[in-house]
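Any value given below was found using the heavy atoms of this structure, including those in side chains, with hydrogens, waters and symmetry copies removed.
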Amino acid sequence: QVQLVESGGGSVQAGGSLRLSCAASGDTYSRNSMGWFRQAPGKEREGVAVIYRGSSSTTYADSVKGRFTISQDSAKNTVYLQMTGLKPEDTAMYYCAASAWVRARLEALKYNYWGQGTQVTVSS
């Protein structure tokens with residue numbers, strides 16, 4: 001079992017920054033890929049970024065490349081999503097997710113564990 005708790009969401013103006021945190025606990029081998037996803041009202045869930053535990057390599061959605069950075073602190077079992085240059089279209093509920101797949105990429109179906117989400121609202 002894996003438990004994920006997100007924090008750090010909030011409301012900012014366009015161009016602002018936020019840092020999301022995901023504190024993880026439980027089975028390490030179920031957390032080979034750690035991803036951030038988001039879902040806006042009336043829209044499908046979208047993969048944002050993923051980091052791979054073994055290599056710390058990353059994958060980003062085209063919509064956030066150059067603006068968002070995913071990182072991890074293995075000692076704290078925490079994954080971060082630094083978001084800069086925020087746009088109103090980034091407004092969504094953001095979820096942290098864990099997958100046992102070594103390279104789950106941004107494929108939501110490969111993620112078995114999900115956090116409760118944290119809301120990000122960007123005003124123009």
Side-chain angles (χ1 to χ4, degrees):
Q1 284 284 20
V2 174
Q3 293 77 42
L4 304 171
V5 179
E6 303 100 331
S7 61
S11 297
V12 296
Q13 291 190 328
S17 300
L18 282 173
R19 189 178 79 157
L20 306 183
S21 299
C22 173
S25 60
D27 179 22
T28 300
Y29 294 101
S30 294
R31 296 188 267 134
N32 287 325
S33 297
M34 294 292 296
W36 285 98
F37 293 78
R38 65 187 182 186
Q39 188 166 21
K43 294 188 177 181
E44 293 188 356
R45 183 169 46 190
E46 174 190 19
V48 175
V50 59
I51 189 165
Y52 306 106
R53 182 171 62 88
S55 65
S56 291
S57 61
T58 58
T59 300
Y60 294 93
D62 288 342
S63 58
V64 306
K65 281 181 181 177
R67 300 189 298 122
F68 291 10
T69 303
I70 188 170
S71 62
Q72 61 185 357
D73 184 333
S74 298
K76 296 182 178 179
N77 287 319
T78 301
V79 175
Y80 303 98
L81 185 68
Q82 179 68 50
M83 304 185 293
T84 62
L86 282 162
K87 304 175 181 180
E89 51 263 44
D90 294 318
T91 295
M93 185 71 80
Y94 282 70
Y95 299 91
C96 177
S99 172
W101 286 71
V102 173
R103 293 190 75 84
R105 295 185 287 193
L106 298 175
E107 300 171 46
L109 292 178
K110 291 183 176 179
Y111 289 79
N112 304 99
Y113 301 97
W114 296 81
Q116 82 287 352
T118 186
Q119 179 68 38
V120 172
T121 303
V122 184
S123 58
S124 57

| query | Would you say the side-chain atoms of T91 pair up with the backbone N or O of T121, donor to acceptor, closer than 3.5 Å? | reply |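 No, T91 side chain to T121 backbone: no donor-acceptor pair under 3.5 Å.
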
| With Y94, which residues qualify under ring-ring contact (aromatic ring centres under 6.0 Å, His included), at least two apart? |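 Scan of Y94 (ring-ring contact (aromatic ring centres under 6.0 Å, His included), adjacent residues dropped) gives none.
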
| task | Using only heavy-atom distances, determine whether the side chains of T69 and Y80 contain a donor-acceptor pair under 3.5 Å. | result |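 Result is no, nothing qualifies.
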
| Do Q72 and T78 have a side chain donor and acceptor closer than 3.5 Å? |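 Absent: no donor and acceptor within the cut-off.
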
If I compare all heavy atoms of [X] with all of [Y], which pair ends up nearest, and what's the gap?
X    : Y    : value
W114 : A108 : CZ2-O, 3.7 Å
A92  : A40  : CB-N, 3.9 Å
I70  : W36  : CD1-CD1, 3.6 Å
Y52  : S33  : CD2-OG, 3.3 Å
G35  : Y111 : N-CE2, 3.7 Å
S124 : A14  : CA-CB, 4.3 Å

Roughly how far, to the nearest 0.5 Å, is [atom2] of [Y] from [atom1] of [X]?
X   : Y   : atom1 : atom2 : answer
F37 : Y95 : CZ    : OH    : 12.5 Å
F68 : T58 : CZ    : OG1   : 14.0 Å
D27 : Q1  : CG    : CD    : 9.0 Å

Pairing residues for [X] by the side chain to side chain contact (heavy atoms under 4.5 Å, CB included) criterion, not counting sequence neighbours:
X    : answer
V12  : L18, L86, V122
Q116 : V5, E6
A98  : V2, L4, R31, M34, Y113
A100 : none

| Pairs in or reaching into residues 16-25: which pass side-chain hydrogen bond (donor to acceptor under 3.5 Å, both in side chains), with residues at least two apart or in two chains? | Q3-S25

| query | How would you list all residue pairs meeting side-chain hydrogen bond (donor to acceptor under 3.5 Å, both in side chains) that involve residues 98-108, not counting sequence neighbours? | reply |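 Output for this query lists S57-R103, R105-E107, E107-K110.
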
| field | Full working for side-chain contact (heavy atoms from CB on, under 4.5 Å) between R38 and L81 | value | CA-CA 12 Å; R38 65 187 182 186; L81 185 68; over 6 Å; no

| said: Go through it in stages, so that I can follow the logic: the residues are R53 and T28, the test is side-chain contact (heavy atoms from CB on, under 4.5 Å), and I'd like the CA-CA distance, side-chain angles, deciding distance and then a yes or no. | reply: CA-CA 9 Å; R53 182 171 62 88; T28 300; 3.5 Å; yes

| Mind checking who shares a hydrophobic cluster with L109, ILVMFWY linked at side-chain heavy-atom distances under 4.5 Å? | none

| field | Other ILVMFWY residues reachable from Y29 by side-chain steps of under 4.5 Å | value | none

| query | Which pairs with one or both residues in residues 44-124 pass disulfide bond (SG atoms under 2.5 Å apart), sequence neighbours excluded? | reply | C22-C96

| Mind checking whether L20 and V64 sit in one hydrophobic cluster, side chains of I, L, V, M, F, W, Y counted as touching below 4.5 Å? | yes

| Hey, any chance M93 and L106 share a hydrophobic cluster, counting ILVMFWY side chains that come within less than 4.5 Å of each other, even indirectly? |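 Shared cluster, yes.
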
| task | Under the salt bridge (charged side-chain N to carboxylate O under 4.0 Å, His left out) rule, collect the residues that match up with R67, sequence neighbours excluded. | result |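 Checked R67 against salt bridge (charged side-chain N to carboxylate O under 4.0 Å, His left out); matches are D90.
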
| query | Partners of K65 by salt bridge (charged side-chain N to carboxylate O under 4.0 Å, His left out), sequence neighbours excluded? | reply |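 For K65 the salt bridge (charged side-chain N to carboxylate O under 4.0 Å, His left out) partners, ignoring immediate neighbours, are D62.
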
